[in-house]
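By convention in this document, chain letters (A, B, ...) are assigned in the order of the sequence lines, proteins followed by strands, and residues within each chain are numbered from 1. What you are looking at is a predicted structure, and each value in this text was computed from that prediction instead of being measured.
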There are 2 protein chains.
Amino acid sequence: MVEPIKSDEAQELAAGFKLLADPVRLRILSLIANSPAGELCGCDLPATIGRSQPTVSHHLSLLAQAGLVTREQRGKWAWFRVEPDRVAVLRDALSQKSEPRSQKSDAHC
Amino acid sequence: MVEPIKSDEAQELAAGFKLLADPVRLRILSLIANSPAGELCGCDLPATIGRSQPTVSHHLSLLAQAGLVTREQRGKWAWFRVEPDRVAVLRDALSQKSEPRSQKSDAHC
DNA sequence: GCTATATATTGACGTCTGTCTATATACCTG
DNA sequence: CAGGTATATAGACAGACGTCAATATATAGC
């Protein structure tokens, strides 16, 4: 955060972080990001995650709609990849200037 | 994410991201992080954020409980600072290895 | 002690969210 | 075309969440 963010920017970033605010979606992203060739078939997820197929499908749909993952249909199988650029937007929103400020706080109030 | 995260680790990280999944809390963090001397008095926030004092107090309490901010009482005024280390934990969870994998995906299914 | 200001807490309410079952849809093989 | 497998969608349900008004608590000045 280089300068205080505006209300609408906060709205967008919050929507992005909301997707990460669920352990199931975090694990899905982590599994995809760490899979061989950087992609994963959807059929692997319900058993690995321990959730029903409709639940996993629901979460994958949310991630795809937000652009955090991309989905490629190959026959009847759906393959997913993480979009590093979209994840970087959220990560960078948490980056801060490293040098301390020299200005004094206001006397209050 | 260096390797797939475990269920309990995902739970903890999700709890952290959940705090960022609200535009009001994001703006609070951003305002504190970008204020002179890196600290901000609570009394400045309701008007700046456009929310009632109890709402702002509620959000500050959540942020402080999670350790994302620290609170210092000076007389009747409460001053807040961002905890960069705790923010870094969340940011680093979104960091990825940069080099592409050479392994092939499994044939399916 | 009273009054004013700053902040925290309580409770209620409406909205949002993650889960499941059931089912629909799409693809593929024989 | 029928049956099997993979995936998406619908709807219901319980729980979580952000907001406010009202109020309690703490600090400070007179």
Side-chain angles (χ1 to χ4, degrees), chain A residues 7 10-29 31-32 39-66 68-81 105-109, chain B residues 7 10-29 31-32 39-66 68-81 105-109:
Chain A
S7 178
Q11 206 80 30
E12 288 187 33
L13 281 172
F17 284 119
K18 184 164 290 185
L19 289 163
L20 304 178
D22 180 77
V24 168
R25 285 196 294 276
L26 272 186
R27 289 182 69 200
I28 287 175
L29 282 173
L31 283 162
I32 297 175
E39 64 184 3
L40 194 67
C41 182
C43 67
D44 295 315
L45 288 167
T48 308
I49 295 285
R51 285 283 182 272
S52 71
Q53 182 273 321
T55 297
V56 172
S57 180
H58 165 70
H59 286 302
L60 282 167
S61 179
L62 294 178
L63 291 171
Q65 277 170 10
L68 283 172
V69 303
T70 51
R71 173 175 171 286
E72 182 183 341
Q73 195 73 27
R74 296 178 198 161
K76 58 186 178 184
W77 295 312
W79 286 83
F80 294 87
R81 284 181 173 273
S105 306
D106 295 324
H108 259 68
C109 255
Chain B
S7 179
Q11 205 80 31
E12 287 185 35
L13 281 171
F17 284 119
K18 185 165 290 187
L19 289 163
L20 304 179
D22 180 78
V24 168
R25 287 197 294 274
L26 271 185
R27 290 182 69 200
I28 288 175
L29 281 173
L31 283 162
I32 297 175
E39 64 182 4
L40 195 66
C41 181
C43 66
D44 295 315
L45 288 167
T48 308
I49 295 284
R51 285 281 182 278
S52 70
Q53 182 273 324
T55 297
V56 172
S57 181
H58 165 71
H59 285 302
L60 282 167
S61 179
L62 293 179
L63 292 171
Q65 277 170 11
L68 284 171
V69 303
T70 49
R71 172 175 172 285
E72 181 184 342
Q73 194 75 26
R74 295 178 200 161
K76 58 186 176 183
W77 295 311
W79 286 83
F80 295 86
R81 285 183 172 272
S105 304
D106 295 326
H108 258 69
C109 251

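Interatomic distance, A:Leu45 CG to A:His59 NE2, rounded to the nearest 0.5 Å: 11.0 Å. Rounding to the nearest 0.5 angstrom, the gap separating the CG atom in B:Leu40 from the CH2 atom in B:Trp79 is 7.0 Å. Here the CD1 atom belonging to A:Ile28 is positioned 5.0 Å from the CD1 atom belonging to A:Ile49, to the nearest 0.5 angstrom. Here B:Leu31 contributes atom CG and B:Leu26 contributes atom CG; the two are 11.0 Å apart, rounded to the nearest 0.5 Å.
When the side-chain hydrogen bond (donor to acceptor under 3.5 Å, both in side chains) test is applied to B:Arg27, no partner is found at least two apart in sequence or on another chain. Applying the salt bridge (charged side-chain N to carboxylate O under 4.0 Å, His left out) test to B:Arg71 and every residue at least two apart in sequence or in another chain returns nothing.
Look at CG on B:Leu60: it is 15 Å from C1' on D:dT19, rounded to the nearest Å. Spacing between atom NZ of B:Lys18 and atom P of D:dG15 amounts to 15 Å, rounded to whole angstrom units. Across the protein-nucleic acid pair, A:Leu20 atom CG and C:dT17 atom P stand 14 Å apart, rounded to whole Å. Summarising the geometry, the separation between NE2 on B:His58 and P on D:dC17 is reported as 9 Å, rounded to the nearest angstrom. For A:Gln65 and D:dA8, the CD to C1' distance is 12 Å, given to the nearest whole Å. We find that CD of A:Glu72 is positioned 16 Å from C1' of D:dA6, with the value rounded to whole Å. Atom CZ in B:Phe17 sits roughly 18 Å away from atom P in C:dT17 (whole-Å rounding). A:Arg27 places its CZ atom 15 Å from the C1' atom of C:dG18, with the value rounded to the nearest Å.
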Can you check nucleotides 27-30 of chain C for protein contacts, nitrogen or oxygen pairs under 3.5 Å, and list what you find?
{"residue": "C:dC27", "atom": "O3'", "partner": "A:Lys76", "partner atom": "N", "Å": "3.2"}

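In the set C:dA8, C:dG18, D:dG18, C:dG18 carries the atom at the smallest distance from any side-chain atom of A:Leu62. In the set C:dT19, D:dG18, C:dT7, the nucleotide with an atom closest to the side chain of B:Ala78 is C:dT7.
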Report, one line per pair, each donor and acceptor closer than 3.5 Å where one atom sits in a side chain of residues 10-21 of chain B; sequence neighbours left out.
none

Checklist entry - Dot-bracket for DNA chain D, 5' to 3', counting Watson-Crick or G-U wobble pairs under 3.5 Å, with [ ] for crossing pairs and | for inter-strand pairs? => result ||||||||||||||||||||||||||||||
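Shown for residues 49-57 of chain B: residues whose heavy atoms fall under 4.0 angstrom of DNA chain D, namely B:Arg51, B:Ser52, B:Pro54, B:Thr55.
Annotation for A:Asp44 and A:Thr48: closest pair O-OG1, 2.6 Å, computed over non-hydrogen atoms. The two residues A:Pro46 and A:Gly42 come nearest to each other via the heavy atoms CD-O, 3.4 Å. When every heavy atom of A:Leu60 is checked against every heavy atom of A:Val69, the shortest pair comes out as O-CG2, 4.3 Å.
In this structure, B:His59 does not reach the D:dC17 phosphate: none of its side-chain N or O atoms is under 4.0 Å from OP1 or OP2.
For the pair A:Asp22 and A:Leu62, the minimum side-chain heavy-atom distance is 4.5 Å or more.
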